[in-house]
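Here is the structure we will look at, set down as C-alpha cells.
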Amino acid sequence: MAITEVGAYAHLNPADVEALGRELDAIRSDIVAQRGARDAAYIRRTIAFQRMLDISSRLVIALSRGRTGWTVGTAGLAAAKAIENMELGHNIGHGQWDWMNDPEIHSRTWEWDMVGLSSQWRYSHNFRHHVYTNVLGMDDDIGFGVMRVTRDQPWRPRLLVQPLQNLFLASVFEWGIALHDLYSDRDRAATPEGKAAQTKAFAEKVGRQLGKDYLLFPALSGRRWRRTLAANAAANTARNLWAYVVIFCGHFPDGAEKFAPTVVEEESKAEWYLRQMLGTANFDAGPTLAFLSGNLCYQIEHHLFPDLPSNRYAEISRRVRALCDKYDLPYTTGPLLRQYLLTVRTIHKLALPDRFLIATSDDAPETASEKKFDGHNTSGNNDADGPPGRRGLRSALRAMAARPAGAAAAADTPGGANRPLDGRRPRKGGYLRIRAERPSSTAPRRRGGRFPSPRSTRKWCA
C-alpha cells in the first residue's frame, strides 16, 4: 500500500534523516538571514509589471481592430492573469512576503484575481495540503476529490470517464479550486450559521469576479463589448489550463509518492522534510518559464520552504540537489512535457479497475511502498555516480531497474510482486527521473470529522 515508513522507504536510518533535517534547516536559516531589499524590490517590480501588462493588453484588445490585435492582447491578458494567480496570489498567500510588513503585500489582505476566496484557499492549501502533503485521507489535494491518481483510492464506475473529466477540470480549473476550498472551509465550520457564512462570502466573491470580467470591462468597450467579452473568457481559460498543468506536474508525475496516515503520528520535522522531498516533483524551466509558473517549477523546494520568497527557489534548488546527491535520494524532475505526459498516463490508466492493471499496488509508477524492495538486495551501490559509502533510495531504485531481464520478465505479470520500476535501463549520471507506483486500498478518513493534529508538525510547518 502507500508508504508507511518514510525513512525505511528512503533507505535512511534515523540518524541520517535527522542529519538531513539539520542541513535543510541551515538552508532555511541562510535564506531568512539574507532576504531583504533585493527580495522586496523583486515582488514590487513583479506587481508593477503584472499591472502594466494587464492594462496594456486590455488597451490592445479595445483599440485594435483586426484579429491579430485581439490575439496579441488576449495572450498578454492571459499571461498577466497567470502571473497574478501564481507568482503573486499563490505566493503572497503563503506569507512569503509577510516579513516586509507591507499591508498591501500580505497574506491576510491580498485577494487574487480568481473566483475563489483567498481566505478559503489558505486553509485548504496552506494547512491541509502543505502540512499533510500526499497523506491519504488527510490531503484532499490528492486528485482534488474527483480524480483517481493513486491505487489507494478505490475504483468506481464513474472513473471510466476520468480522461474526459480531466479535460473539463483543466478548462475550468479556477472553479474546481474555488469549490474545493469552499467545501474545505465549510467542513471545519462548527455550526450551520458558519457554513452559511462561508457560502455567502464565496457567492459575493464570485459575483465581483464575474461582474468585473464579463460585465464591467465589456460595458466599458461600448459597441465592441463582444470582442472584450470573448477576450476575457479566452484569457481566463488559458490561465486555467496553464495553472492546471503547473499544479498537476508538481504533484502527480511518477515519483511523487503517497503516504499512509500513520506517517504523521509523532512525525519529526526532519521526517516531514523527507516526506515533502519524496511527495513532490519539479519540471525543468528557464527563467521565463519559471516566472510564468510562479516558480512552482521548483515544487520540491516550495514544499520544503513554502513561506520563503519564490525568487529564491532557483538558488535553493542547487543546494537541495546537492543534498539529494549526498544522501543518495532521487530528485524528481524532467521536461515539462514529459512530466505532463506521465501525469496523463496515470489519469488514463487509473480510470480502469485494478484488475486490468499489470503492476502491483506496492510497485507501480504512480503507487509504491517500501514493500517493493521485499526480497531484493538493494543495499548495494553499483552506480559509479552514487555517493561513496552511502546507499539510499536512488541506488535502490537503480538496483531494481538493473535487474536481469529474465527476472524482470518473470515478475512483469498481472499480480507480479516484483515488477521493475519502469522498463528502462538505469540512467548514466545526472539525476534519476523516478518512476514509482502505489497501492489499492481505502485510506482512513478524518476521525470524528477532524484531522489528526500532530503537535510536532503544526509547530514548525508554515
ask   = Can you say whether the rings of W121 and H125 are parallel (under 30°), tilted (30 to 60°) or perpendicular (over 60°)?
value = parallel
query = How far apart are the closest heavy atoms of V115 and V206, and which atoms are they?
reply = O-CG2, 3.9 Å
ask   = Quick one: does P192's side chain get under 4.5 Å of K195's, heavy atoms only?
value = no
inquiry  = Under 4.0 Å between a side-chain nitrogen and a carboxylate oxygen: does that hold for D254 and R345?
reply    = yes
ask   = Is there a side-chain contact between R208 and E204, using heavy atoms and a 4.5 Å cut-off?
value = yes
ask   = Any side-chain heavy atom of F305 within less than 4.5 Å of one from Y298?
value = no
query = Would you find more than 12 non-hydrogen atoms of other residues, nucleotides or ligands less than 6.0 Å from E5 atom CD?
reply = no
message = For the CG atom of L393 and the CD atom of E370, what is their distance to the nearest 0.5 Å?
response = 11.0 Å
key: W97 and Y42, any side-chain heavy atoms less than 4.5 Å apart   = yes
Pair R227-S64, side-chain donor/acceptor within less than 3.5 Å = yes
request  = Answer yes or no: does atom CZ of R108 have more than 12 heavy-atom neighbours from other residues, nucleotides or ligands under 6.0 Å?
outcome  = no
request  = Identify whether the distance between the nearest side-chain nitrogen and carboxylate oxygen of E267 and R275 falls below 4.0 Å.
outcome  = yes
message = For N282 and Y313, which I'm curious about, is there any donor-acceptor pair between the side chains at under 3.5 Å?
response = no
ask   = Any side-chain donor-acceptor pair under 3.5 Å between S124 and D181?
value = yes
Close side-chain approach of T4 and K371, heavy atoms under 4.5 Å = no
remark   = Rounding to 0.5 Å, atoms CZ (F291) and CZ (F49) come to a distance of 5.5 Å
query = Does the side chain of Q209 come under 3.5 Å of the side chain of D113 through a donor N or O and an acceptor N or O?
reply = yes
request  = Find the distance between CG (D213) and CG (L229) and round it off to the nearest 0.5 Å.
outcome  = 9.5 Å
query = Hey, mind stepping through E104 and T109 against side-chain hydrogen bond (donor to acceptor under 3.5 Å, both in side chains) and telling me if it holds?
reply = CA-CA 6 Å; E104 180 188 8; T109 59; over 6 Å; no
key: Salt bridge present between R38 and E315 (N-O < 4.0 angstrom)   = yes
request  = Over 60° means perpendicular and under 30° means parallel, so classify the ring planes of H302 and H94, tilted if in between.
outcome  = perpendicular
task = Report yes or no: do N134 and Q276 form a side-chain donor-acceptor pair below 3.5 Å?
result = no
task = Quick one: do R28 and D307 satisfy salt bridge (charged side-chain N to carboxylate O under 4.0 Å, His left out)? Show the steps, please.
result = CA-CA 10 Å; R28 177 182 177 80; D307 62 342; 2.8 Å; yes
Spatial distance of atom CG (N126) from atom NE2 (H90) [nearest 0.5 Å] = 7.5 Å
message = Measuring only between side-chain heavy atoms, which start at C-beta, is V131 closer than 4.5 Å to D139?
response = no
inquiry  = For E111 and S118, which I'm curious about, is there any donor-acceptor pair between the side chains at under 3.5 Å?
reply    = yes
ask   = In terms of side-chain geometry, is the basic nitrogen of R239 or E84 positioned less than 4.0 Å from the acidic oxygen of its partner?
value = no
ask   = Which heavy atom of H303 sits nearest a heavy atom of T133, and at what distance?
value = ND1-OG1, 3.2 Å
key: Distance-minimising heavy-atom pair for W99 and A40   = CH2-N, 4.1 Å
Distance (rounded to the nearest 0.5 Å) between R44 CZ and T46 OG1 = 11.5 Å
task = Inspect the contact between R35 and D30 and indicate whether a charged nitrogen and a carboxylate oxygen are less than 4.0 angstrom apart.
result = no
inquiry  = A side-chain contact here means heavy atoms from C-beta on lying under 4.5 Å apart; do S369 and D362 qualify?
reply    = yes
query = Under 3.5 Å, is there a donor-acceptor pair between the N311 and D39 side chains?
reply = yes
query = Between E366 and K349, is there a salt bridge with N-O shorter than 4.0 Å?
reply = yes
Reported CG-to-CG distance for the pair L210 and N232, which is rounded to 0.5 angstrom = 11.0 Å
ask   = So, N295 and N91: side-chain donor and acceptor under 3.5 Å apart, yes or no?
value = no
inquiry  = Looking at Y123, I'd like to know if the NZ or CZ of R128 sits under 6.0 Å from its six-membered ring centre while staying within 45 degrees of the ring's axis.
reply    = no
inquiry  = Do M100 and I43 have side chains that approach each other closer than 4.5 Å (heavy atoms only, starting at C-beta)?
reply    = yes
